[in-house]
Each structure stands twice: as structure tokens, then as C-alpha cells.
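This is the structure, below, for whatever I ask next.
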Amino acid sequence: MKRSPIVDSLQTVFEGCCYELFSSYQCEVTLVPYIEIDYIIDQFENDYSAVIDLGSDDIELFSVLQMPLSVLAMTYPVPDVLTLTDEALEDWISELSTQLIGRLKNQLLKHDCNLKLGLPETYYEKDIDDILPENSGRFTLYFDIDGEICGCTLSVEIFNENMEFSVEENNMDLMDEGELELF
């Protein structure tokens, strides 16, 4: 997939959503420079991953969150992390993935892009190439979260090159996180 203004905008929005997510858990967040990425990629062999999709007839996005046990435990909402089970960690990375894609969905509404949210799936020790669609374009951002490395990948498949996507944000009011609107 060639880089387009849509993909460039998606990367910018996705990066902001990742910062927001990790910062909301009082973590110190730093984007890892691209020059250090080759070293980092080997670190994800024993990590948890969660993938969730967001799409329409025009575009399909898959977000993959890869996190080591230490970051999952650090962000877990219950202080007694010594008793965490594998199931609890899988639930937690699914929750974090859902929060990330929810933030992305809300931000994309500002770009006139209304997408439907899928359900998260979790993996352990799974290669990202086995998770994402084979022919999708993707980019991965690596973050240093309080000294630990996490990967955030967004896979993009554009089915309609003429889809409506405002590169500039519109000024619509979005609901606050967790707010529910009944009609």
C-alpha cells in the first residue's frame, strides 16, 4: 500500500491515542526513535498481544497492542499484582486494546470517518505477522513505558481510494471517555 494523506493522518492520530492511553495510567511515555527499532523487535517474543478491528466498507483497521507482563502489571487497576492469573492478564490487555481503539475511533470521527468496532482477541508469544492480514499496510510505534518497551501497530487496508476522509480535523464535540448517550 502506498503512503497516502489518509495513512499519514492515521499514524499521527494513532500516535496521539497511544500517548493518551499510557499517560492515563500515570506512566512515563516516550516514543522510541526509529534508529533503535531493530534491537527492540527481538524483545516481543514473550509478550501478550491483543488485536481489535475497526472498519467500514471503505477501510479496515487492525490495532495490535504488544505488552510485556511488567507493563500489564504496572497498569493493572488492582494493587495486588502478585495474584494475577493468565486470564486476568488476557482480560486486561483486551481492555487496554479496547480503550486504545475506542480513542482512535473517537478521533477519527473528527476526520469524518465513522467506523464499526470489533471485538478484541488476545495472544501470547504470537508473531504479529500471523495476526494481521497478509496484504495490509502497517506501521508500528514503539513506546518506552517506565523503562519497558511496548509495541503499538496499526494495520490499514483501504478498499475505496475515494472514501471521504477529512485530513483536517472538524470541530465536532465528542463525548468524554466512558460517557454514554441514549437516544
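Note that these values count all heavy atoms, side chains included, but never hydrogens, waters or copies made by symmetry. In this text the structure is predicted, and so the values were computed from the model without any measurement.
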- Please examine the side chains of Asp146 and Glu28, heavy atoms only from C-beta on, and report whether any two atoms are closer than 4.5 Å. yes
- Message: Measuring from atom OH of Tyr48 to atom CD of Glu90, what distance do you get when rounded to the nearest 0.5 angstrom?
- Response: 6.0 Å
- Using the six-membered ring wherever Trp is involved, compare the ring planes of Phe14 and Phe139 and label them parallel, tilted or perpendicular (cut-offs 30° and 60°). perpendicular
- Task: Kindly work out whether a path of hydrophobic side-chain contacts (I/L/V/M/F/W/Y, heavy atoms less than 4.5 Å apart) joins Val13 to Val156.
- Result: yes
- Message: Could you check whether any side-chain heavy atom of Leu132 comes within less than 4.5 Å of a side-chain heavy atom of Ile128, counting everything from C-beta outward?
- Response: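 Yes. Closest side-chain heavy atoms under 4.5 Å.
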- Are Pro77 and Trp92 side-chain neighbours, meaning at least one heavy-atom pair lies under 4.5 Å? yes
- Query: Linking I/L/V/M/F/W/Y whenever any side-chain heavy atoms sit under 4.5 Å apart, do Leu119 and Leu89 land together?
  - Reply: no
- Item | Distance (rounded to the nearest 0.5 Å) between Ile145 CD1 and Met74 CE | 7.5 Å
- Message: Could you tell me if Tyr25 and Gln99 have a donor-acceptor pair between their side chains, going purely by distance under 3.5 Å?
- Response: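 Side-chain D/A pair, Gln99 to Tyr25: present.
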- Message: Could you tell me if the side chain of Cys152 sits less than 4.5 Å from the side chain of Ser63, heavy atoms only?
- Response: no
- Message: Return the CG to CD distance between Leu100 and Glu95, rounded to the nearest 0.5 Å.
- Response: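 Rounded to the nearest 0.5 Å, the CG-CD separation comes to 11.5 Å.
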- Message: Ignoring hydrogens, what is the shortest heavy-atom contact between Thr153 and Gln66? Give both atom names and the distance.
- Response: OG1-OE1, 4.4 Å
- Residue from Asp53, Leu54, Ile52 passing side-chain contact (heavy atoms from CB on, under 4.5 Å) with Leu61: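 Running side-chain contact (heavy atoms from CB on, under 4.5 Å) over Asp53, Leu54, Ile52 with Leu61 returns exactly one hit, Leu54.
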- Item | From OG1 (Thr75) to CG (Leu96), nearest 0.5 Å |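 Nearest 0.5 Å value for the OG1-CG distance: 5.0 Å.
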- Message: Any heavy-atom pair between the side chains of Asp57 and Asn160 that's under 4.5 Å?
- Response: no
- Do the non-hydrogen side-chain atoms of Phe22 and Phe143 ever get within less than 4.5 Å of each other?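 Yes, side chains in contact.
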- Any Val29 side-chain heavy atom under 4.5 Å of Tyr19 side chain: yes
- Task: Determine whether Leu115 and Leu65 fall in the same hydrophobic cluster, where Ile, Leu, Val, Met, Phe, Trp and Tyr are linked whenever their side-chain heavy atoms lie under 4.5 Å apart.
- Result: yes
- Message: As an exercise, state the distance from CG of Leu84 to CG of Asp91, rounded to the nearest 0.5 Å.
- Response: 11.0 Å
- Query: Looking only at atom types and distance, does a side-chain atom of Tyr76 sit under 3.5 Å from a main-chain N or O of Ala88, one as donor and one as acceptor?
  - Reply: no
- Item | Check: Leu154 and Arg138 side chains under 4.5 Å, non-hydrogen atoms |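 No, their side chains stay 4.5 Å or more apart.
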- State plainly whether one hydrophobic cluster holds both Val64 and Leu31, where clusters connect Ile, Leu, Val, Met, Phe, Trp and Tyr through side-chain heavy atoms under 4.5 angstrom apart. no
- Mind listing the closest non-hydrogen atom pair of Leu21 and Arg103 along with its distance?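 Reported closest heavy-atom pair: CA-NE, 3.7 Å.
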- What closest approach, in Å, do Ile59 and Phe159 show between heavy atoms, and which atom pair accounts for it?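 Result for this residue pair: N-CD1, 3.9 Å.
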- side-chain contact (heavy atoms from CB on, under 4.5 Å) evaluation trace for Ser97 with Glu121: CA-CA 9 Å; Ser97 178; Glu121 294 181 46; over 6 Å; no
- Message: Is it true that, when you exclude Asp130 itself, more than 12 heavy atoms of the residues, nucleotides or ligands shown sit nearer than 6.0 Å to its CG?
- Response: yes
- Query: How long is the span from the OG atom in Ser49 to the CD1 atom in Ile93, to the nearest 0.5 Å?
  - Reply: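 Reported value, rounded in 0.5 Å steps: 6.0 Å.
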- Query: With no hydrogens and no angle check, is any side-chain donor or acceptor of Ser136 less than 3.5 Å from a backbone partner on Pro133?
  - Reply: yes
- Answer with yes or no whether the hydrophobic clustering places Val71 together with Leu141; edges join I, L, V, M, F, W, Y residues whose side-chain heavy atoms lie under 4.5 Å apart. yes
